[in-house]
Amino acid sequence: MAVQDRTGNKYEQLLAHSIQALGYEKDAESGLNYLHPSKRPKEVVIDGTYIQPDLVVKNSRTVEAVIYVTHWSKSRNCAFKYWRTWEEQAQQRVVLEESFISINSIFEALPEGTEAQIFTKTDQLPIDTKRDGEWPIAFRGWYPGTTYALIESFDVTIAFPVGYQPVKEVVNYAIGQHDEITTKLLKTSLSAEVKPWLDGQWCILKEIKSLIGGLVNFENLQNTESRYRIGLLHVYLFYRLFSKLVAKDVSLEKFVKTLAENAKFESDLTKLTKKEPFSFLTEEQSDYFFDLLASIYVRSGKNPIMFCEIKDIELRGKTLTKIEFNKDLRLCLKDLGEHLDQDGFVNAMISAFNRYDKLNGVEDALLDLANPELVKKKEQFVRNKFEPLLKNPNKIAELLEQFASVESDDRVEIAPDSQNWILEMLIYLTKLNPAEDIYVRLTSEFEKSGHSVWNHAPYSDYAKILPIALQGIDLCAHWKPNSKKITLTEPEYKTLVWKAIANSICNAFEERENNFEESALIIKRYQEVKARRIISSDLNGFEILIEHFLGDICYLSFVDDSDEAKEALKARIRPTWQTEVTKSLWNVPALETWLEGVSKNGEWLIKVQSAQDGNEGHKTKELAGRSRAMQLEWNSGKDALDRKAWSFKRIEIPKTALVLDGDWSSLKKKNLYEAGWDWVGDVSQLSELRTLIKKSD
């Protein structure tokens, strides 16, 4: 058996076998050779870049081609993946002297049962007959505009169909085995020409990197470790839930100060509950409150994190109860403690908390968490109404549509929540996974009616139907008036949606032969989701600091809604050259970059970015790619389809500042500077940014 390179996935392995079949030897020093490097290297194999390539094809030491291996399944955030892949190419083009062929291999992109194909321009894509025959098809998992940008941005695109059988077989390939179709496609791709009309942008990006490198002292860059976004959501949940339990106004400043003073690695819970305001809790409330916090997963997955951990320690014949808050909360409390005495800071927190209170579902979630008996009533109501009917999808659909209204008598009698707790509880009752069991069935169930889900779903994204239904939002609220593609009335559409959801639930429940979930586990999951919904939502903790430091000299999208601010904030929407290409070719503008702020003097644009759990690397690639593309102006020539007439020049834009939250190494910051960001820093450096903005007046 061939020795498999465990650092690569099946897609990369499939391509690697074909590269070998074309006569390239892995890791050789001379002749035709290729690299399939580890994804966790001590150093990146292409000097001067920050991203480990998937496959590098060489002739001796000269790079002939770089192969990018791509797969994506979520249309709504496919732009993230685009920028990561394009940024990788941009880095390599900037540092490599030789010209190389960029080959973007996109898996799961074409319909199942079709042939893998090569595309070098969007004109070669089949026409999408489902969309009035006006546009080329979109790859599966990609929006149309992003699909078109993918093809136009790389020399060659190889698109593979869903369920391509050799991908499943590659792990059993012996030495010398390969997929002949893939090998033929790669051979054709490796003999393709580099697109000369794209060369102009690489020259400009080299100049930008060189210019920034002369202005920034990279040796002084420091690693960042902060948790304002996620940490302050912890504080919000903690504070609001505490206030609900004690049923009185509690000083936020006193609450945070007491926590900050007692948020060590381990704290004595008994001593904490004797200090104001925690002394307001009765013993019974205290036990419930901290036990509830200790049961909440603030992050789930392979490395789950709890809100806090409580444990008893025997010491000198006495039992001490210790509480350990998670790292995100501890880091945030430490930073908050350093800012509490600054003028206006607490008011900025209160203002942000009050804005957040108005968002749908927050009050509902807090009431659920503070009233366990209410959650028990909800669970029992859903069990009694729906459990006997799971073999009758038509009846389930009728009930779901009836209870979707917050004015439904039965629903109001239990709880008139704005969010659809009935649908949520039903999903937990049936032990279903929305992504695996409902989303995958929803489109086909809907389109059995002969109507297109694409034309009716919010933002033309079927994946948004279920979240919007769960949030209790009007299913037609996002319809464009007078759309010619809408073939249903609002009542007809809503009935059809609930029927599709009901059929998906009933069919999945039957296929999985599930038993119903236990009541205690449903209640536990429901409370965890309510808490996590608060912690993972739109209250952006470090935006509060940005508002505090910059709010008087910048218009900020998350604060300002005056007419003057709205007009100024139009400048924060930055098209890229990819936006202009897809708009000119197919009237489908894509890949704009939205920033969060504009200085009142018009000299600075402010981008706010939080990342955590190791996603800082992905975000660095995306942000670097966006920065490079924002600074390139595309000239189409007389005819946009005549690609040989394309040219690029550097476009003048305001200075750009990037404020970061999370764990960002100095190396990632260096990558961002080289990509053209004028200022990169964290919340502790906002005074420095404020000075720069004021100096530009």
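Along the sequence shown, residues carry numbers from 1.
If you check the side chains of S610 and K619, you find no donor sitting under 3.5 Å from an acceptor. Between Y82 and E622, the side chains place no donor N or O within less than 3.5 Å of an acceptor N or O (distance only, hydrogens not considered). Checking D364 against S418 by side-chain atom types alone, a donor-acceptor pair falls below 3.5 Å. No hydrogens or angles considered: nothing links the side chains of D249 and S243 as a donor-acceptor pair under 3.5 Å. Checked by atom type, the side-chain pair N326/H234 shows a donor-acceptor distance below 3.5 Å. At a cut-off of 3.5 Å, with distance as the only test, no side-chain donor of S226 or D682 sits close to an acceptor on the other residue. Counted by atom type alone, E564 and Y555 present one or more donor-acceptor pairs between their side chains at under 3.5 Å. Side-chain contact annotation: S665 with N223, donor-acceptor N/O pair under 3.5 Å absent.
Take K494 and apply the side-chain hydrogen bond (donor to acceptor under 3.5 Å, both in side chains) test, not counting sequence neighbours, and it matches D474. Partners of E436 by salt bridge (charged side-chain N to carboxylate O under 4.0 Å, His left out), not counting sequence neighbours, listed by chain and number: R512. Scored by the side-chain hydrogen bond (donor to acceptor under 3.5 Å, both in side chains) test, N77 finds W72 as partners (sequence neighbours excluded). Under the salt bridge (charged side-chain N to carboxylate O under 4.0 Å, His left out) criterion, R76 pairs with no residue, sequence neighbours left out. Scored by the salt bridge (charged side-chain N to carboxylate O under 4.0 Å, His left out) test, K334 finds E338 as partners (sequence neighbours excluded).
Summarising the geometry, atom CG belonging to L281 is positioned 14.5 Å from atom NZ belonging to K274; distances are rounded to the nearest 0.5 Å. Between K257 atom NZ and K275 atom NZ the span is 12.0 Å, to the nearest 0.5 Å. The distance from atom CZ of R330 to atom OG of S267, rounded to the nearest 0.5 Å, is 9.0 Å. Rounding to the nearest 0.5 Å gives a distance of 9.5 Å between CD of E674 and CD1 of I212. From I414, atom CD1 reaches atom CD1 of I422 across 8.5 Å, with rounding to the nearest 0.5 Å.
Within a 6.0 Å sphere centred on NZ of K322, heavy atoms belonging to other residues, nucleotides or ligands number more than 12. Crowding of D552 atom CG: a count of heavy atoms from other residues, nucleotides or ligands under 6.0 Å exceeding 12. Crowding of N384 atom CG: a count of heavy atoms from other residues, nucleotides or ligands under 6.0 Å exceeding 12. Counted within 6.0 Å of CD on E261, heavy atoms from surrounding residues, nucleotides or ligands total more than 12; the atom is thus considered enclosed. For NZ of K655, the number of neighbouring non-hydrogen atoms (other residues, nucleotides, ligands) closer than 6.0 Å is 12 at most.
Residues W421 and F381 have side chains in contact (heavy-atom distance under 4.5 Å, counting atoms from C-beta outward). When side chains are defined from C-beta on, L692 counts as touching W679, because their heavy atoms get closer than 4.5 Å. A 4.5 Å side-chain heavy-atom check between Y673 and L221 finds at least one atom pair inside the cut-off. The shortest distance between side-chain heavy atoms of L623 and W83 does not fall below 4.5 Å. Contact annotation: the side chain of E266 never approaches that of I323 to less than 4.5 Å [non-hydrogen atoms, C-beta and beyond]. Looking at L423 and F403, their side chains never come closer than 4.5 Å, going by heavy atoms from C-beta outward. I606 is listed as a side-chain neighbour of C554, based on a closest heavy-atom distance under 4.5 Å. At a threshold of 4.5 Å between non-hydrogen side-chain atoms, the residues L689 and W604 count as touching.
In this structure, F255 and F242 have tilted ring planes: the angle between them lies in the 30° to 60° band. Aromatic ring pairs are classed by plane angle as parallel below 30°, tilted from 30° to 60° and perpendicular above 60°; the pair F307 and F325 is perpendicular.
None of K530, K378, R525 except one satisfies the salt bridge (Lys or Arg N to Asp or Glu O under 4.0 Å) rule with E424; the exception is K530.
Looking at every heavy atom in both residues, M306 comes nearest to A294 through CE-O, 3.0 Å. Annotation for E616 and K668: closest pair C-CE, 3.9 Å, computed over non-hydrogen atoms. Pairing each heavy atom of A415 with each of L374, the nearest pair is CB-CD1, 4.1 Å. Across all non-hydrogen atoms, the minimal contact from I310 to F290 is CD1-O, 3.4 Å. Here the closest non-hydrogen pair linking S696 and N601 is OG-ND2, 3.0 Å. Closest approach of I465 to V497, counting heavy atoms only: CG2-CG1, 3.7 Å.
With a 6.0 Å cutoff to the six-membered ring centre and a 45° limit on the axis angle, K431 does not count as a cation-pi contact of F516.
A salt bridge does not link E373 to K377: none of the charged nitrogens lies less than 4.0 Å from a carboxylate oxygen. A salt bridge between D410 and K385 is present, with a side-chain N of the basic residue lying under 4.0 Å from a carboxylate O of the acidic one. Salt bridge present: R383 and E379 bring a charged side-chain N and a carboxylate O closer than 4.0 Å.
Although no hydrogens or angles enter the test, the distance criterion places no donor-acceptor pair under 3.5 Å between the side chain of R626 and the main chain of L591.
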Between L400 and F386, does a side-chain contact (heavy atoms from CB on, under 4.5 Å) hold up when you go through it step by step? CA-CA 10 Å; L400 286 176; F386 287 90; 4.1 Å; yes
Would L329 and V235 satisfy side-chain contact (heavy atoms from CB on, under 4.5 Å), going step by step from the backbone distance to the final call? CA-CA 7 Å; L329 178 56; V235 174; 3.7 Å; yes
For side-chain contact (heavy atoms from CB on, under 4.5 Å), just list the numbers for L259 and Y239, CA-CA rounded to whole Å, side-chain angles, deciding distance to a tenth of an Å, and then say yes or no. CA-CA 10 Å; L259 274 179; Y239 174 69; over 6 Å; no
Please evaluate residues D368 and D417 with respect to the criterion side-chain contact (heavy atoms from CB on, under 4.5 Å), reporting the C-alpha separation (whole Å), side-chain torsions for both, the decisive distance (0.1 Å), and the verdict. CA-CA 10 Å; D368 281 327; D417 296 1; 4.0 Å; yes
What side-chain donor-acceptor pairs closer than 3.5 Å can you find for residues 566-573, not counting sequence neighbours?
{"residue": "E567", "atom": "OE1", "partner": "K570", "partner atom": "NZ", "Å": "3.0"}
{"residue": "R572", "atom": "NH1", "partner": "L595", "partner atom": "O", "Å": "2.5"}

